[in-house]
Every structure is written in structure tokens, then in C-alpha cells.
2 protein chains.
Amino acid sequence: MDFDVKFGNCPIYYTISKIEGKWKWVILYKLHKCKVIRYNRLWDELKPIAHRTLSRQLKELEADGLVHREQYNEIPPRVEYSLTLVGETLAPILELMSEWGAEQLSNAQFQHDG
Amino acid sequence: MDFDVKFGNCPIYYTISKIEGKWKWVILYKLHKCKVIRYNRLWDELKPIAHRTLSRQLKELEADGLVHREQYNEIPPRVEYSLTLVGETLAPILELMSEWGAEQLSNAQFQHDG
DNA sequence: CCGTATCCGTGCCGATACTG
DNA sequence: CAGTATCGGCACGGATACGG
């Protein structure tokens with residue numbers, strides 16, 4: 001990564017770069033909430049996400065050490081995703097993000113009703 | 001926004017959608033740290049960001065009520081950016097993101113130094 | 001100093017079909 | 001069930017030049 005060249009004094013940029021993309025935070029949040037979740041279940045939760053997109057983001061998250069992939073060689077096949085220990089350290093951020101969104105939504109509600 | 005149609009039960013998606021883009025979190029963080037900052041100073045801090053990009057993201061953030069823009073009709077002109085009250089409510093998330101990045105960076109350091 | 005205008009590349013993301 | 005292959009659109013972001 002060319003991170004430290006340009007932004008060595010900016011840790012938040014490291015975080016943003018590591019978890020870039022439209023879906024990654026949501027994926028991480030789902031994993032945090034569900035602990036363990038199968039591929040199709042995750043896909044269901046995130047529809048209308050495309051397979052290609054979900055698959056790729058999961059792979060990147062796995063490569064970055066944030067997500068663990070456990071494959072069972074059964075028929076039909078079963079694959080379960082969960083957060084790694086490092087991934088779990090994001091939990092406070094995920095919770096705050098969710099809370100912030102909820103507050104903004106309820107505020108917007110007041111604006112409408114109020 | 002088509003948010004509530006598809007993701008009404010997922011507040012974190014609201015947050016992500018609101019603060020989308022490669023730079024927005026970093027911009028918000030800088031504003032949070034500096035309280036008030038002039039355009040060119042911000043641009044300096046975020047180089048190699050392009051003017052077009054910085055300008056647009058600032059406008060979007062302003063339109064979303066997260067950033068306040070104060071213009072002084074002097075010569076030479078002066079424009080100062082700061083967080084709105086709503087923008088300030090993101091402070092805990094920004095701090096956590098920065099801390100998380102710092103931890104990951106120092107961990108990576110340990111891996112190297114062994 | 002503080003941006004906008006213009007032009008353009010690229011890479012993210014989606015749809016659909018197909019495989020082990 | 002759990003993905004990959006292929007194709008393509010389009011919006012995001014960058015470089016540069018110019019305007020108030």
C-alpha cells in the first residue's frame with residue numbers, strides 16, 4: 001500500500017483505505033451481529049448486492065485479516081463467515097456507526113412529523 | 001435517497017451512504033481536529049487530493065448538514081470550514097477510526113521489527 | 001485565495017449465465 | 001450451496017486551466 005508515503009501522519013486514512021467500498025462496513029456489521037453466517041444468508045441480508053460484489057469484498061476482507069472463512073466439505077457445500085479477532089476490534093466503531101444512523105433517521109422522522 | 005426502500009432496518013447503511021467517498025471521513029476528521037480551517041490549508045493537509053474532488057466533497061458535506069462554510073468577503077478572499085453541530089456528533093466515530101488505524105499501524109510495525 | 005470548468009481514465013459495482 | 005466468468009455502464013475521482 002502507498003499509504004505511509006503520503007499519509008504517515010494520518011491513521012484514519014489507513015482505516016478508511018483498509019475498509020473501502022460501498023459494502024464493507026455493512027458486511028462487517030452483519031458479521032458482528034450474527035457472529036457466524038453462511039454465504040447465502042449474508043447475501044439475502046444485503047440484497048440487492050450482486051454475487052460478484054459480495055464475493056469480492058469478502059475475499060478482500062479475508063485477505064486483510066478481518067474476516068474468517070470456514071469451509072465444510074459437505075454436500076451441499078457449506079461456508080461460514082465470521083469476524084477474526086482483529087475484525088472484532090472494529091465492533092465499537094460498527095456499533096457507533098449504527099447508532100449514529102439510527103439517531104439521524106429518527107431526527108429526520110421528527111422533522112417530518114414535527 | 002433510496003435508502004429506506006431497501007435498507008430500512010439497517011441504520012449503518014444510512015451512515016455509510018451519507019459519508020460515502022474516498023475522502024469524506026478524512027475531511028471530517030481534519031475539521032474535527034482543527035475546529036476551523038481554511039480551504040487551502042485543508043487542501044495542503046490532504047494533498048494529493050484534486051481541487052475538484054475536495055471542492056465537491058465539501059459541498060456535499062455542506063448540503064448534508066455536516067459541514068459549515070463561512071465566507072469572508074475580503075481581499076484576498078477567505079473561506080473557513082468547520083463542523084456543524086450534527087457533524088460534531090460524529091466525533092466519537094472519527095476518534096475511534098483514528099485510534100484503530102494507529103493500533104493497526106503499530107501492530108504492523110511489531111510484525112516487522114519482530 | 002478559493003474555487004469552478006472541462007475533459008477524461010479507471011475501477012467499482014451490477015446483471016446474467018455458468019460451474020463444482 | 002457457494003461461488004466464478006464475462007461483459008459493460010457509469011459515477012467517482014484526477015489533471016489542468018481558467019474565473020471572481
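Nothing here was measured: the structure is a model prediction, and the numbers come from that model. Protein chains get the first letters and strands the later ones, always in sequence-line order, with residue 1 at the start of each.
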### Query
Passes side-chain contact (heavy atoms from CB on, under 4.5 Å), B:T15 versus B:K18? Steps please.
CA-CA 5 Å; B:T15 305; B:K18 199 96 181 176; 5.8 Å; no
Measure the distance from [atom1] on [X] to [atom2] on [N] and round it to the nearest whole Å.
{"X": "B:I16", "N": "C:dC12", "atom1": "CD1", "atom2": "C1'", "answer": "16 Å"}
{"X": "B:I75", "N": "C:dC2", "atom1": "CD1", "atom2": "P", "answer": "13 Å"}
{"X": "B:R52", "N": "D:dA15", "atom1": "CZ", "atom2": "C1'", "answer": "11 Å"}
{"X": "A:R78", "N": "D:dA2", "atom1": "CZ", "atom2": "P", "answer": "9 Å"}
{"X": "B:I49", "N": "D:dT16", "atom1": "CD1", "atom2": "P", "answer": "16 Å"}
{"X": "A:W23", "N": "C:dC12", "atom1": "CH2", "atom2": "P", "answer": "16 Å"}
{"X": "A:L54", "N": "C:dC12", "atom1": "CG", "atom2": "P", "answer": "16 Å"}
{"X": "A:E20", "N": "D:dC12", "atom1": "CD", "atom2": "P", "answer": "14 Å"}

### Query
Between A:R41 and A:E45, is there a salt bridge with N-O shorter than 4.0 Å?
yes
Nucleotide nearest [X] (side chain, heavy atoms from C-beta), chosen from [options]:
{"X": "A:Q57", "options": "C:dC13, D:dA2, C:dC2", "result": "C:dC13"}
{"X": "B:R38", "options": "C:dG14, C:dC1, D:dG14", "result": "C:dC1"}
{"X": "B:N40", "options": "C:dG20, C:dC2, D:dG13", "result": "C:dC2"}
{"X": "A:Y39", "options": "C:dC2, C:dC13, D:dA2", "result": "D:dA2"}
{"X": "B:P76", "options": "D:dC7, D:dG14, C:dC1", "result": "C:dC1"}

Indicate whether OP1 or OP2 belonging to [N] is found under 4.0 Å from a side-chain N or O atom of [X].
{"X": "A:Y81", "N": "D:dC1", "result": "no"}
{"X": "A:K22", "N": "C:dG14", "result": "yes"}
{"X": "A:S55", "N": "D:dG3", "result": "no"}

Remember a base hit wins even if backbone is also touched, and classify [X] as base, sugar-phosphate or nothing at under 4.0 Å, heavy atoms.
{"X": "B:K59", "answer": "sugar-phosphate"}
{"X": "B:R69", "answer": "sugar-phosphate"}
{"X": "B:R56", "answer": "base"}
{"X": "A:Y72", "answer": "nothing"}

### Query
Is there a donor-acceptor pair closer than 3.5 Å between any side-chain N or O of B:T89 and the backbone N or O of B:V86?
yes
### Query
What do you reckon, are the aromatic ring centroids of A:Y13 and B:W23 less than 6.0 Å apart?
yes
### CE-CH2 distance between A:M97 and A:W25, expressed to the nearest 0.5 angstrom
4.0 Å
